[in-house]
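This report refers to the structure that appears directly beneath it.
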Amino acid sequence: MPPQLTVTLPDGSARELAVGATVADLAAQIGPRLAKAALAGSVNGLVVDLTTPLSDGDAVAILTPTTPEGREVLRHSTAHVLAQAVTRLWPGAKYAIGPVIADGFYYDFALPDDARFSDADLSRIEAMMQTIVSEAQPFVRDELSVDAGLSLFADQPYKCEIITSVGTLADEVDAAPELVGGTTVVSTYRNSPEFVDLCRGPHVPSTSRLGHFKLMRVAGAYWRGDVHRPQLQRIYGTAFETKEALEQHLTFLEEAKRRDHRVLGQELDLFSFPDEIGPGLAVFHPKGATIRRVMEDYSRKRHVEEGYEFAYTPHLAKADLFKTSGHLEWYADGMYPPMELDDGQQYYLKPMNCPFHTLIYKSRQRSYRELPLRFFEFGSVYRYELSGALHGLTRVRGMTQDDAHIFCAADQMEDELRSLLTFVLDLLREFGLNDFYLELSTRPPLKSVGSDEDWDVATETLRTVAIGAGLDLVLDEGGGAFYGPKISVQARDAIGRTHQMSTIQLDFQTPQRFEAEFVGKDNAKHRPIMIHRALFGSVERFMAILIEHHAGALPTWLAPEQIRILPVRDDHFDYAHSINKRLSREGLRVRTEVADEPLGGRIRRAKLDKVPYILVVGDDDVANGTIGINTRGASDPFRGISIDEFSAFVEREVDERSIKQFGAES
RNA sequence: GCCGAUGUAGCUCAGAUGGCCAGAGCAGGCGAUUUGUAAUCGUCAGGUCGUGGGUUCGAAUCCCACCAUCGGCUCCA
């Protein structure tokens, strides 16, 4: 009997195999269907090739294309095929890195003679990739010394750079060299005599296992993300295990496009960015302004309830203010250039509200009895964002933050943060978002100020509070502001995308820079701690997220036009108008349209406007004092409903900010 | 800011290789139609083809610069 080894499977069962057996052998032993489906394996938590030999005691899982890890392997191998196709079509092309990303993969190239990919090239490349797939080339792993690697990739400068930067790149690039048995080796995968790539792996056994992929777009990308290094040509693609899965993903992208707030903002006449004003500077049309007003009014009401006091501050201030706050030192690039007055005095548009609120704090002596002090303002700020970074309402140059600064004593900080987090989550839920996780951003490695001790205390306090909230917490290493760490609330929207919403930042610096103080119980002066927080973040951005989350069909309480009344004929207009008057008096946003075209056409227009309720009134309704209700999203209208019943329902729906409309199934 | 693409009427888009007065649908004005749940009919008006230069007998079309938008990169206090 040949020597045996034993491995365990994810379900806890054990399998005996001959010494020297590989992951593929294990899959074959379990069953022929698994052997056929297997793409890679996971051995003791590490994803490996099917050809990897097993050792006694290994915990092994077989990865098929339907597992997340299997899908990653699939995409990674597809990226190699992309690079191979490009080198076939552009002999002499240099290939840099080709990692897996959230929804697919990319590969960066430098083409000979500084050539560029065009969109039309994508289909040519795709066709070549299909050819390579049909050639069923095996992926063969090899391990080389650094020197052998350098000579193998002598004509691939990016590969050589990766090889020589051992240690500095290890976690950054999947192709990094690794230490095996005390010597540095680099691994390569060759899938034909013509193409070999530096890669950590693993890969699918053969290119024939690939095929359901699509190249999405070309883009420029700096080598290693560094503005000062060459810009490469990046091709983005995605790959799935089946045609159906790929198509489902493409449908998802269509859905995201359908919800694009920039398109809906135009269609629904909510806002625009007139060229005459300038990039990234929005104007809100009446309907968009109504949404915004309702959002802001509700926010104000909640802030009053939570013990905030309101402040108003100007849009610009002298340079000295921003010198004191540190903004000019750290973020002058992101500020609009100064205006210079006759006397040489410079004024800047404000990029943040905190210096102003701090001055309100400092306007007189403060006692510990007053703390925590909470100053709230819808503060408009201006930031000179790079032109290429602008994006609809989500990235603008002029925006309004629902901003507040809380000044408190050190021993109040934790309680304050805790109640704040509850407030934030409650508020976001009122707007229809309900799937959250938290992110803790720690000290930035380069740009930051303050003692390590202050940062540690602040970070740990935030961590404690975040954990207490019972949501998932992820770490964003080095993502904090220059003056302190932060917690941000991330929300998943209706189609599963995540958006950064609220931020809560701790700040020991600003009070110090401005020498803010309070008199304690001990009659001595103490320095307050400052908490910056914005719940919507920016009103503009939050509105954009709401529009996309609801696909433009905002809940009734937020809808700019809540009810449209359509008289069937001219002579029903007076009745329609009397209903309009009644509903308007009850605080609802109602409009009556005249009967100048067939009902179907008017219904259609109201539907396209995504009005929550269309009321149709005709002969029957005039006779019986009723209405016909066409609820947004419902398949059939409700006829002969009493106005009392409808108005009572909608008043409650609005009052409770419910997303459940009249007649909707519970 | 960098790479690539795009820019024709309020919106969505046609307008090979330069050559009659630059077209359509929707939206808008006017008129007719009086309509019971996603498009009534007719008619009119609307564009210095993103802007500024250039090439040409002639430019929406070719070249250059700039502006804006889109997709990425970088950035995001």
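Each chain gets a letter, A, B and so on, in the order the sequences are listed, and its residues count up from 1.
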To the nearest Å, give me how far apart CZ (A:Arg397) and C1' (B:rC75) are. 12 Å
A:Asp571 near the nucleic acid: base, sugar-phosphate alone, or nothing, with a heavy-atom cut-off under 4.0 Å? nothing
By the 4.0 Å heavy-atom rule, please label A:Ala221 as base, sugar-phosphate, or nothing. sugar-phosphate
Six-ring centre of A:Phe105, A:Arg75 cation under 6.0 angstrom, axis tolerance 45°: no
Kindly assign one of parallel, tilted or perpendicular to the pair A:His261 and A:Phe271, based on the angle between their ring planes and the thresholds 30° and 60°. tilted
The side chain of A:Leu608 lies closest to which of these nucleotides: B:rC76, B:rA38, B:rU74? B:rA38
Of the listed nucleotides (B:rA77, B:rC75, B:rU37), which one gets closest to any side-chain atom of A:Val616? B:rU37
Could you tell me how far B:rA9 sits from B:rU48 if I compare only their P atoms? Round to whole Å. 9 Å
Quote, to the nearest angstrom, the C1' distance that separates B:rC62 from B:rC49. 15 Å
Look at A:Arg262 and B:rC70 and indicate whether a side-chain polar atom (N or O) is within less than 4.0 Å of OP1 or OP2. yes
Taking only the P atom of each, what is the distance from B:rA60 to B:rC2 in whole angstrom? 30 Å
Identify, between A:Gly225 and A:Lys486, the residue whose nearest nucleotide on RNA chain B lies closer to the 5' end. A:Gly225
Does A:Lys350 make a cation-pi contact with A:Phe356, if we ask for NZ or CZ under 6.0 Å from the ring centre and within 45° of the axis? yes
Can you tell me, in whole Å, how much space there is between the C1' of B:rU37 and that of B:rG4? 48 Å
Measure from the side-chain heavy atoms of A:Arg604 and tell me the nearest of B:rA38, B:rU35, B:rG36. B:rA38
Using the C1' atom in both, what is the distance from B:rG15 to B:rA59, to the nearest Å? 14 Å
Heavy atoms from C-beta onward define the side chain here; which of B:rU35, B:rA38, B:rC2 lies closest to that of A:Leu599? B:rU35
Could you tell me the Watson-Crick or G-U partner of B:rU48, where both distances fall under 3.5 Å? Say none if there is no partner. none
Distance-only donor-acceptor test (3.5 Å): side chain A:Asp275, base B:rG50: no
Taking the inter-plane angle between the rings of A:Tyr336 and A:Tyr382 on a 0 to 90° scale, is it parallel (under 30°), tilted (30 to 60°) or perpendicular (over 60°)? perpendicular
When you measure from the side chain of A:Val227, which nucleotide among B:rU40, B:rU34, B:rU74 comes out closest? B:rU74
Under a 3.5 Å limit on both distances, the Watson-Crick or wobble mate of B:rA68 is B:rU6
Position toward the 5' end of RNA chain B (nearest nucleotide), A:Asn630 or A:Glu385: A:Asn630
Base, sugar-phosphate alone, or nothing: which one does A:Gly601 contact when heavy atoms must sit under 4.0 Å apart? sugar-phosphate
Proximal nucleotide (of B:rA68, B:rC73, B:rG71) relative to the A:Arg234 side chain: B:rC73
Sticking with atom P, work out how far B:rG46 lies from B:rG10, rounded to a whole angstrom. 12 Å
Complementary nucleotide of B:rC20, counting Watson-Crick and G-U pairs under 3.5 Å: none
Classify the angle between the aromatic ring planes of A:His577 and A:Phe573 as parallel (below 30°), tilted (30 to 60°) or perpendicular (above 60°). parallel
Among B:rA77, B:rC3, B:rU40, the one nearest A:Gln233 by side-chain distance: B:rC3
With sugar-phosphate meaning primed atoms plus P, OP1 and OP2, does A:Pro279 contact a base, only sugar-phosphate, or nothing at under 4.0 Å between heavy atoms? sugar-phosphate
Looking only at atom P, what distance separates B:rG71 and B:rC63, rounded to whole Å? 26 Å
Which of these nucleotides, B:rG36, B:rU34, B:rC11, is closest to any side-chain atom of A:Arg639? B:rG36
Taking only side-chain nitrogens and oxygens of A:Arg116, does any of them come within less than 4.0 Å of OP1 or OP2 of B:rG4? yes
So what does A:Phe273 hit on the nucleic acid, given a heavy-atom distance under 4.0 Å: a base, only sugar-phosphate, or nothing? nothing
Short side-chain N/O contact to B:rG71 OP1/OP2 from A:His391, under 4.0 Å: yes
To the nearest 0.5 Å, what is the distance between OG (A:Ser441) and CG (A:Leu462)? 9.5 Å
Under 4.0 angstrom, heavy atoms only, what part of the nucleic acid is A:Gly600 near: base, sugar-phosphate, or nothing? sugar-phosphate
Counting only side-chain heavy atoms from C-beta out, which of B:rU35, B:rA77, B:rU12 sits nearest to A:Met335? B:rA77
State which of B:rG72, B:rU40, B:rU74 makes the closest approach to the side chain of A:Arg217. B:rG72
Whom does B:rG31 pair with, Watson-Crick or G-U wobble, provided both distances fall under 3.5 Å? B:rC41
Has the side chain of A:Tyr222 got a donor or acceptor atom sitting under 3.5 Å from an opposite partner on the base of B:rG1? yes
Before we go on, tell me: are the rings of A:His405 and A:Tyr361 under 6.0 Å apart, centre to centre? no
Geometric cation-pi criterion, A:Arg397 with A:Tyr384: 6.0 Å, 45°: yes
